Protein chains: 2
Amino acid sequence: MHAFNKYPNPSVAIDLVVFGYREGKLNLLLLNRKEAPFQHSWTLPGAFLQMEELFQDTCHRILRTKLGLERFYLEQLYSFDALDRDPRGRALSVSYYALINPASYTTTAGAMANDVQWFPTEDLPPLGFDHASIVSVALKRLRAKILYHPVGFELLEEAFTLPELHQLYEAVLGVSIDRRNFRRKILESGYIIATGQKRTGAKNRHPDIYQFNKAITPHQFHLNIS
Amino acid sequence: MHAFNKYPNPSVAIDLVVFGYREGKLNLLLLNRKEAPFQHSWTLPGAFLQMEELFQDTCHRILRTKLGLERFYLEQLYSFDALDRDPRGRALSVSYYALINPASYTTTAGAMANDVQWFPTEDLPPLGFDHASIVSVALKRLRAKILYHPVGFELLEEAFTLPELHQLYEAVLGVSIDRRNFRRKILESGYIIATGQKRTGAKNRHPDIYQFNKAITPHQFHLNIS
DNA sequence: CTTAATTGCGTTATTATGACGCAAACATAC
DNA sequence: GTATGTTTGCGTCATAATAACGCAATTAAG
């Protein structure tokens with residue numbers, strides 16, 4: 001496999017915006033770079049696209065090998081092209097975003113895992129390269145997507161309660177949503193099914209445990225947050 | 001400007017899905033290739049990204065120089081990465097879609113303009129490369145976008161009537177929309193303003209002429225087609 | 001001055017939404 | 001066992017949005 005046009009080609013990086021929901025807040029997995037440029041700066045985990053790789057292959061390489069993540073939702077975000085986005089020379093970034101459940105993430109599994117840390121999205125450190133713009137686009141995309149498509153579940157355990165899902169939506173969107181109307185909308189969508197079990201332990205009423213309904217045909221629902 | 005990572009880099013093509021509204025139908029501008037690969041096949045107009053170019057620069061180069069288009073709406077669509085999408089070797093495609101008003105397009109202005117032709121989207125010829133998938137993604141995007149964002153106007157003249165806009169929406173979405181409810185929704189959105197003039201010539205009642213309201217603050221409207 | 005077609009405006013039944021009330025469930029304290 | 005404080009689950013109701021129409025005004029042609 002080889003490139004073929006007579007002009008020189010830019011480098012192509014794949015950068016990942018990895019979202020996780022922790023302690024009631026939307027978090028981002030950032031990497032502390034060990035080498036220049038942006039040494040000791042926080043950046044999005046990424047890698048250069050290899051000649052034989054699909055974008056998804058590179059994403060999997062980063063998520064699995066470098067970070068030690070096995071289960072994730074992955075979607076292409078946007079491609080970035082600023083001429084000066086990498087001080088080493090011309091480098092495009094084809095960026096993806098991933099949704100993971102942090103509980104299934106052991107921080108020691110991957111090659112980079114020790115240099116990686118969760119940050120709440122509302123309290124991010126300065127980011128190297130143009131990664132702040134990438135994060136901004138990713139947040140906008142996630143907030144738009146979660147209103148109409150069933151992606152919230154990707155950030156939770158397989159079994160979850162409606163109050164948990166409700167708090168997740170409030171954290172992601174940054175607004176407060178009426179608990180009872182939220183329940184009605186989500187249940188009417190058919191995307192979640194009760195398991196019959198209840199989450200025990202709390203000192204108040206034990207909420208029902210639900211699961212994502214994999215059997216349902218994909219469709220939009222409308223959460224209509226104003 | 002130069003690439004810098006130690007591995008060879010893939011070629012990066014920019015491919016354009018150019019939409020136009022002609023004779024009551026949504027059309028696509030396709031290019032008949034003069035050289036291999038896919039000689040004599042219809043393809044999306046495109047070019048290779050040059051080292052100093054932004055994606056938009058390449059898009060403008062294609063639209064202005066090659067096709068002779070001056071006014072257009074342009075938005076990044078998606079990036080494509082199949083290993084075999086170009087028989088010459090590894091080539092990514094960062095694709096954009098453009099909305100233009102075909103009436104403002106003289107088919108002789110650009111370098112490629114003579115090899116270019118409009119095709120209704122529901123009757124496309126076989127396309128070279130992976131351009132059929134790109135078109136499919138573009139159609140999906142346009143149909144989703146036109147429901148909530150004011151992009152329909154980009155396909156019409158500056159001055160247009162509500163029946164024209166109505167037919168455009170029906171053509172793009174491929175569904176029939178109640179004329180009177182459509183009028184109400186669009187007018188309530190505030191995105192169009194009456195000029196006070198009427199389109200003359202028809203043998204029936206002359207419809208009012210409207211313009212896109214550039215002064216309005218961007219917001220979503222909900223056309224809610226089911 | 002009809003006729004046929006299209007535009008613009010309006011009505012109404014139905015549905016969806018937002019803002020709540022309230023009892024059931026649970027652990028803890030008494 | 002009973003009371004208390006808190007959260008969950010279910011339901012109500014006024015209001016807004018929607019879908020499905022009716023109908024008169026407007027125009028050129030007959």
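In what follows, every chain begins at residue 1, and chains take the letters A, B, ... in the order their sequences are listed. For clarity, every value in this text was computed on a predicted model and none was experimentally measured.
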Engineer: For the residue pair Y148(A) and Y148(B), categorise the inter-ring angle as parallel (less than 30°), tilted (30 to 60°) or perpendicular (more than 60°).
Structural biologist: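 Ring orientation, 0 to 90° scale: parallel.
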Engineer: Are the ring centres of F19(A) and Y21(A) closer than 6.0 Å?
Structural biologist: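 They do not qualify: ring centres at least 6.0 Å apart.
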Engineer: Is the count of non-hydrogen atoms from other residues, nucleotides or ligands lying under 6.0 Å from K25(B) atom NZ greater than 12?
Structural biologist: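 12 or below, so no.
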Engineer: Mark up nucleotides 20-30 of chain D, 5' to 3', with B wherever a protein heavy atom is under 4.0 angstrom from a base atom, S wherever such an atom reaches only the sugar-phosphate, and - elsewhere.
Structural biologist: BBB--BBBB--
Engineer: Return the value, rounded to whole Å, for the distance between atom CD of E188(A) and atom C1' of dT17(C).
Structural biologist: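 Taking atom C1' of dT17(C) as the reference, CD of E188(A) is at 10 Å.
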Engineer: Whole angstroms only, please: what is the NE2-P distance between H222(A) and dT17(C)?
Structural biologist: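 Spelled out: NE2 on H222(A) to P on dT17(C) is 8 Å.
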Engineer: Rounded to the nearest Å, what distance is computed from the NZ atom of residue K185(A) to the P atom of nucleotide dA19(C)?
Structural biologist: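 After rounding, the gap between these two atoms is 12 Å.
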Engineer: Rounded to whole angstroms, how far apart are CD on Q167(B) and C1' on dT7(C)?
Structural biologist: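 In whole Å, dT7(C) C1' lies 12 Å from Q167(B) CD.
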Engineer: Would H131(B) and F80(B) count as a close aromatic pair, with their ring centres under 6.0 Å?
Structural biologist: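 Ring centres of F80(B) and H131(B) not closer than 6.0 Å.
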Engineer: Atom CZ of F221(B) and atom C1' of dT18(D): how far apart are they, to the nearest Å?
Structural biologist: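 It works out to 16 Å between those atoms.
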Engineer: Without decimals, in angstroms, what is the distance between R183(A) CZ and dC20(C) P?
Structural biologist: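 After rounding, the gap between these two atoms is 19 Å.
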Engineer: Are Y96(B) and H60(B) close enough that their ring centres sit under 6.0 Å apart?
Structural biologist: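 Judged by ring-centre distance (under 6.0 Å), Y96(B) and H60(B) do not meet the cut-off.
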Engineer: Write down the distance between CD1 (I177(B)) and C1' (dT18(D)), rounded to a whole number of angstrom.
Structural biologist: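 These atoms are roughly 14 Å apart.
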Engineer: Cut-off 3.5 Å, side chains only: do E53(B) and T58(B) have a donor facing an acceptor?
Structural biologist: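 Yes, T58(B) and E53(B) have a side-chain donor paired with an acceptor closer than 3.5 Å.
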Engineer: How long is the line joining CD1 of I209(B) and P of dT7(C), in whole Å?
Structural biologist: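 Taking atom P of dT7(C) as the reference, CD1 of I209(B) is at 13 Å.
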